[in-house]
There are 2 protein chains.
Amino acid sequence: MSVDRKRLIIEAATKSFSLFGYKATTMDQVAKIANVGKGTIYTFFKNKEELFDEIISTLISEMKREADEAIDPELPFHENVHRALYKILEFRKQHQLTIKLFQEEKEMGTPAVLEVMTRLEAAIIHYVKEKVIEAIKKGEIQACDPELTAFIMLKLYVSLIFDWEKGHEPLEKERIAKIFEQYVFKGLSV
Amino acid sequence: MSVDRKRLIIEAATKSFSLFGYKATTMDQVAKIANVGKGTIYTFFKNKEELFDEIISTLISEMKREADEAIDPELPFHENVHRALYKILEFRKQHQLTIKLFQEEKEMGTPAVLEVMTRLEAAIIHYVKEKVIEAIKKGEIQACDPELTAFIMLKLYVSLIFDWEKGHEPLEKERIAKIFEQYVFKGLSV
DNA sequence: CTGTTGACCATAATGTTCAATTGGTCATTT
DNA sequence: AAATGACCAATTGAACATTATGGTCAACAG
């Protein structure tokens, strides 16, 4: 069996998207990095956007895996949500690709990037929502709108981790957990 | 006494900023609308940005006045915070000028507009912060970091009023109050 | 003399053009 | 059958020309 060209292409594209962003990445460049003819890319992916989408799908899976790993079924719900969300946002804050895309979304508003970032947020909310539903079933928290609760949790976390830093000293991980316990979970406790 | 030219200029500029935004408003246009020589503007304001700043200061005062009016000292703290924040954000959502600026901030990132929007947010947080400090003094809520609490309240409100609508049915005013009571104030209750 | 003005200027924004680049195709090669 | 890269239409952006804009100031009016 010859080299796995699809894998080569995905790896090359990921590298290029991470380095230069979506718009600034050319298909020629991807082909060059992957040591592959440009036409080959189009035997695996309908177009540039579909290639991008597949990479984002992988990214979402990775996030999910990282979050799952951070969770310990023995711990209480609020501790696990904190761990999961913190991991996801740290991931987002550190990974080359997400940083670049976040930047491109704000600075250029590339439509394909905007779309994908929405998908990313939806995936995170969906993930948290499932955890909330589980917790309600187990009686760990009181009944509430899971979608709304997940939404509030994510927005609050993003604010605390990304926005607060703009005008203040960053909050310690422990501090964020405490804040969350006090403000959100006390209101959800049974 | 001749006509109050300064007032004319401010009114003209406010109208033009509301209609076309900061960048798209020219000093010639302001002078024309105000029925004033362009040079006159520069006897009252050092430059375009200072004129803009004065208008925003007025806007902030108006917001403060509206919020103060919405507050009823007889009511509990959480009800007043809800009323004040809701008024402020409704104001922001409905007033021509803030809508235009919000749009300009996102779409073009005009530096002067960005600066001013930061100032606006700081003013709102400062306002809420004072209310929080009062409430702590009166023993209405438990001790907490007033700045952080004000920050969280604003961010959550903004998320609920502006972001939630992007993917869902808008939340009723009463619903927002309930959510806030449940998620934030239960954690602050004494 | 005080307050006002608009023609004027340097510079920034905008429109225009066109050669180079890019995403995507497909006849040819391996 | 799989892979390729020359090729094409569409898009982009560098370079230049033109216009518009913020800000000044000598002249003017009351």
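Side chains included, hydrogens not; waters and symmetry mates left out as well; all remaining heavy atoms used. Each chain gets a letter, A, B and so on, in the order the sequences are listed, and its residues count up from 1.
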### Task
Can you figure out which of C/dT22, D/dA3, C/dT25 approaches the side chain of A/Thr26 most closely?
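When the side chain of A/Thr26 is considered, C/dT22 is the closest of C/dT22, D/dA3, C/dT25.
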### Query
What nucleotide among D/dG23, D/dT4, C/dG24 has an atom nearest to a side-chain atom of B/Tyr42?
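Out of D/dG23, D/dT4, C/dG24, the nucleotide with an atom closest to B/Tyr42's side chain is D/dG23.
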### Query
Taking the nucleotide of DNA chain D with the closest heavy atom to each, which residue, A/Ile41 or A/Lys23, is nearer the 5' end?
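With A/Ile41 and A/Lys23 compared, the 5'-side residue is A/Ile41.
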### Query
Which sits closer to the 5' end of DNA chain D, B/Lys46 or A/Asn35, going by the nucleotide each is nearest to?
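Closer to the 5' end of DNA chain D: A/Asn35.
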### Task
Scan A/Lys38 against the nucleic acid and name what it touches under 4.0 Å (heavy atoms): base, sugar-phosphate only, or nothing.
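Answer is base: heavy atoms of A/Lys38 come under 4.0 Å of a base.
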### Message
Looking at A/Thr40, I'd like to know whether one of its side-chain N or O atoms comes within less than 4.0 Å of OP1 or OP2 on D/dT4.
### Response
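True: A/Thr40 side-chain N/O within range (under 4.0 Å) of D/dT4 OP1/OP2.
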### Message
Measuring to OP1 and OP2 of C/dT4, would you say a side-chain N or O of B/Arg5 lies under 4.0 angstrom away?
### Response
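Yes, B/Arg5 has a side-chain N/O under 4.0 Å of OP1/OP2 on C/dT4.
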### Task
Would you check if the distance from the ring center of A/Tyr157 to the ring center of A/Phe180 is below 6.0 Å?
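Ring-ring flag for A/Tyr157/A/Phe180: true, centres closer than 6.0 Å.
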### Query
Is B/Lys155 salt-bridged to B/Glu121, cutoff N-O under 4.0 Å?
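Answer for the salt bridge query: yes.
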### Task
Answer yes or no: is there an ion pair linking B/Arg175 with B/Glu169, defined by an N-O contact shorter than 4.0 Å?
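No salt bridge links B/Arg175 with B/Glu169.
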Output the rounded distance in Å from [atom1] ([X]) to [atom2] ([N]).
{"X": "B/Asn47", "N": "C/dT11", "atom1": "CG", "atom2": "P", "result": "17 Å"}
{"X": "B/Phe44", "N": "C/dG3", "atom1": "CZ", "atom2": "P", "result": "9 Å"}
{"X": "B/Leu51", "N": "D/dG22", "atom1": "CG", "atom2": "P", "result": "11 Å"}
{"X": "B/Lys32", "N": "D/dT21", "atom1": "NZ", "atom2": "P", "result": "11 Å"}
{"X": "A/Met27", "N": "D/dA9", "atom1": "CE", "atom2": "P", "result": "20 Å"}
{"X": "A/Asp28", "N": "C/dA20", "atom1": "CG", "atom2": "C1'", "result": "13 Å"}
{"X": "A/Glu49", "N": "C/dG23", "atom1": "CD", "atom2": "C1'", "result": "12 Å"}
{"X": "B/Lys6", "N": "C/dG3", "atom1": "NZ", "atom2": "C1'", "result": "15 Å"}

### Query
Of the non-hydrogen atoms in A/Pro146 and A/Ile136, which two are nearest, and what is the gap between them?
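Reported closest heavy-atom pair: CG-CD1, 4.4 Å.
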### Query
Parallel, tilted or perpendicular: which fits the ring planes of A/Phe52 and A/Tyr22, with parallel below 30° and perpendicular above 60°?
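Plane angle between 30° and 60°, so tilted.
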